[in-house]
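Have a look at the structure that comes next, please.
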Amino acid sequence: MKKVLVIGCGGVAGVAIQKCAQNSEVFSEICIASRTVSKCDALKQKLEGKTKSVITTAQVDADNVDQLVALINDVKPDIVLNLALPYQDLTIMEACLKTKVDYVDTANYECEDTNDPEWRAVYEKRCKEKGFTAYFDYSWQWAYREKFEQAGITALLGTGFDPGVTSVFTAYAQKHYFDEIHTIDILDCNGGDHGYPFATNFNPEINLREVSANGSYWENGHWVETKPMEIHRTYNFDGVGEKDMYLLHHEEIESLAQNIPHVKRIRFFMTFGQSYLTHMKCLENVGMLGTEPVEFEGHQIVPIQFLRRLLPDPASLGPRTVGKTNIGCIFTGIKDGKERTLYIYNVCDHQECYREVESQAISYTTGVPAMIGTMMVLQGLWKRPGVFTVEEFDPDPYMEALNKWGLPWQVDENPVLVP
Ligand code: NDP
């Protein structure tokens, strides 16, 4: 009988909380907290009478460590699941450390104000030393390793789909199919159509910051950086068909490069339609993706936050999105002295997700693994003092749980490779 405190009540949290509520044998109590408690109350109301889990709600500003500590002391959870934004990762980890409670998230730390001089100095040093310029990286959270070890608590980082399931697929391939994995191509395909000329499938600010940035990949022990959308391929995805995809920087490349011993190259590709790319380029060209405040008629406005207000709420896309996602990893390497290739992937249908939890597949494919990762720590299967990414644990119970909780996966031992 365990109690989870979920911070955030947006698209991903909505799914994760419903999945925890379906799994009330593990999650006997769920406390939902964000700044807007009315949203948490609405979700609680939706679930009432449909679950044995006891659900409570609370108000918290997760940018404020003292507020978080007070909430954790009041709720006394066994674990905190952070489904707010990557901006809140460090404050929530700090509060978990102070209260000695386990921590789980789905995205690595990103600084909200990229002009903060203190952050900027560390960032610029890291760009020079490591060779990639993304605003997010694991160093901030890995810096907590020793503190979490000493406190005897676990932090499980990045248990969404990507990062998350894709890294568990890698650990599974390593355990059962390869002596040495040499290349990993992570392919994230969304074949869904929501009927809008332009909308993002999860938080627009985080999404647009990610896809308008330089791309990069890991090769022979170092990062190779590309211009945004410079590397383009097409791939024929099972369940979706042929799609254009583009190489992006993605956070799991950083941890997989450290944790998969013989890997020579890791790339990440995401599919985008032409309409999405044209809109994004145009918005970028006119300055609407800017993260610095501008003064407008006496008000300070951050362009990308204003844009977020104008775009459809990702949570509203559920009823209108049709089609499927296909996300997985293609591996090449060696087994018993022979070359081998492997593709592990999941196909998820937007409308089936909507029927089950009233959400589109992007939130679904992130929310389900968030619940599963939290369950792995709560059940003691993935509990170890320190700060870890998902590929550092035994993948088998997680892979089993994916099949059970709505994200069944398939293995293709003869896939078409990406050139
Ligand atoms: P949403 O914008 O829909 O939801 C964010 C939630 O965070 C809201 O409920 C908001 O509530 C809450 N929040 C924001 N700031 C604070 C704060 N200061 N204090 C308390 N709560 C706060 O985002 P998504 O659900 O789309 O994404 C959630 C997370 O999942 C993000 O970190 C995203 O990067 C990650 N993600 C990971 C993926 C993966 O595969 N690994 C894929 C997609 C997303 P309120 O405003 O009421 O405070």
Side-chain angles (χ1 to χ4, degrees), residues 5-18 31-43 57-68 71 80-92 95 104-110 112 134-136 141 156-169 186 188 190 199-211 248 250-253 255 268 270 304-305 308-309 311-318 325 327-328 346 348 357 359-373 389-390 407:
L5 168 61
V6 182
I7 313 280
C9 188
V12 173
V15 175
I17 291 161
Q18 289 183 73
C31 178
I32 315 166
S34 81
R35 290 167 305 183
T36 327
V37 76
S38 57
K39 287 195 218 158
C40 309
D41 289 336
L43 182 56
T57 62
Q59 206 251 333
V60 74
D61 179 355
D63 288 321
N64 183 315
V65 176
D66 292 340
Q67 278 191 31
L68 285 163
L71 177 66
V80 173
L81 171 56
N82 167 17
L83 296 175
L85 298 177
Y87 310 145
Q88 281 84 43
D89 285 5
L90 299 185
T91 45
I92 301 176
V104 176
D105 71 24
T106 64
N108 71 7
Y109 173 65
E110 188 167 339
E112 186 162 13
Y135 284 146
F136 49 90
Q141 292 179 279
L156 179 66
L157 308 185
T159 178
F161 207 106
D162 43 338
V165 175
T166 48
S167 301
V168 177
F169 285 169
I186 303 163
D188 179 334
N190 180 8
T200 64
N201 291 298
F202 67 97
N203 184 283
E205 194 180 326
I206 305 297
N207 181 238
L208 290 167
R209 274 170 73 145
E210 175 178 278
V211 301
L248 299 184
H250 224 247
E251 66 202 60
E252 63 266 53
I253 301 177
S255 69
F268 179 96
M270 191 178 272
I304 198 164
Q305 287 176 1
R308 183 184 171 190
R309 290 294 294 271
L311 289 174
D313 178 357
S316 72
L317 301 177
T325 61
I327 318 176
N346 160 263
C348 192
V357 294
S359 154
Q360 31 81 1
I362 304 301
S363 301
Y364 191 91
T365 53
T366 312
V368 172
M371 179 280 282
I372 293 174
T389 42
V390 293
L407 294 175

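Numbering of ligands and ligand atoms starts at 1, following listing order. Keep in mind the model is a prediction, meaning the values are calculated, not measured.
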Candidate pair N82 and D89, rule side chain to side chain donor-acceptor pair (under 3.5 Å), full reasoning: CA-CA 7 Å; N82 167 17; D89 285 5; 2.9 Å; yes

Option with minimal heavy-atom separation from atom 11 (O) of ligand 1, where the choices are C40, A33, G158, S34: S34

Enumerated ligand 1 atoms positioned under 4.0 Å from heavy atoms of A84: 7 (O), 13 (N), 22 (C), 28 (C), 29 (C), 31 (C), 32 (O)

Element-labelled atoms of ligand 1 that are located less than 4.0 Å from some non-hydrogen atom of V12: 24 (P), 25 (O), 26 (O), 27 (O), 30 (O), 44 (C)

Shortest non-hydrogen contact between A361 and T325, atoms and distance: CB-CG2, 3.9 Å

Taking atom 41 (N) of ligand 1 as the reference point, the nearest protein heavy atom with its distance: T106 O, 2.9 Å

Under 4.0 Å to a heavy atom of A107 - the qualifying atoms of ligand 1, by number: 32 (O), 34 (O)

Separation between CZ of F268 and OG1 of T166, rounded to the nearest 0.5 Å: 7.0 Å

Donor-acceptor under 3.5 Å (Q59 side chain, R35 main chain): yes

Rounded distance (nearest 0.5 Å) linking atom CD of E252 with atom CD1 of I186: 4.0 Å

Sub-4.0 Å heavy-atom contact, G164 with ligand 1: no

Distance from atom 4 (O) of ligand 1 to nearest protein heavy atom, with residue and atom: G10 CA, 3.4 Å

Protein heavy atom at shortest distance from atom 48 (O) of ligand 1: R35 NE, 2.7 Å

Separation between CG of L156 and CG of D105, rounded to the nearest 0.5 Å: 8.0 Å

Polar side-chain atom of E210 near backbone of I206 as donor-acceptor pair, under 3.5 Å: no

P163 contact mode with ligand 1 (heavy-atom cut-off under 4.0 Å): both

Per-atom contacts of ligand 1 with D63, taking only distances under 4.0 Å to non-hydrogen atoms: 18 (N)

Per-residue contact class, L83 against ligand 1 - non-hydrogen pairs under 4.0 Å: backbone

Enumerated ligand 1 atoms positioned under 4.0 Å from heavy atoms of I206: 34 (O)

F161 N/O under 3.5 Å from ligand 1 N/O: yes

N or O contact, G8 vs ligand 1, cut-off under 3.5 Å: no

Atom indices of ligand 1, in the order listed, that fall short of 4.0 Å to a heavy atom of R308: 2 (O)

Any donor-acceptor N/O pair, Q18 side chain to V357 backbone, under 3.5 Å: yes

Separation of E251 CD from L157 CG (nearest 0.5 Å): 9.0 Å

Interatomic distance, L317 atom CG to S363 atom OG [nearest 0.5 angstrom]: 8.5 Å

Polar proximity ligand 1 side, A62 side, N/O cut 3.5 Å exclusive: yes

Beyond-backbone contact of Y364 with F161, side-chain heavy atoms, under 4.5 angstrom: no

Any P86 heavy atom less than 4.0 Å to ligand 1: yes

For D61, the ligand 1 atoms whose distance to one of its heavy atoms is below 4.0 Å: 17 (C), 18 (N), 19 (N)

Those atoms of ligand 1 less than 4.0 Å from some heavy atom in G11: 3 (O), 25 (O)

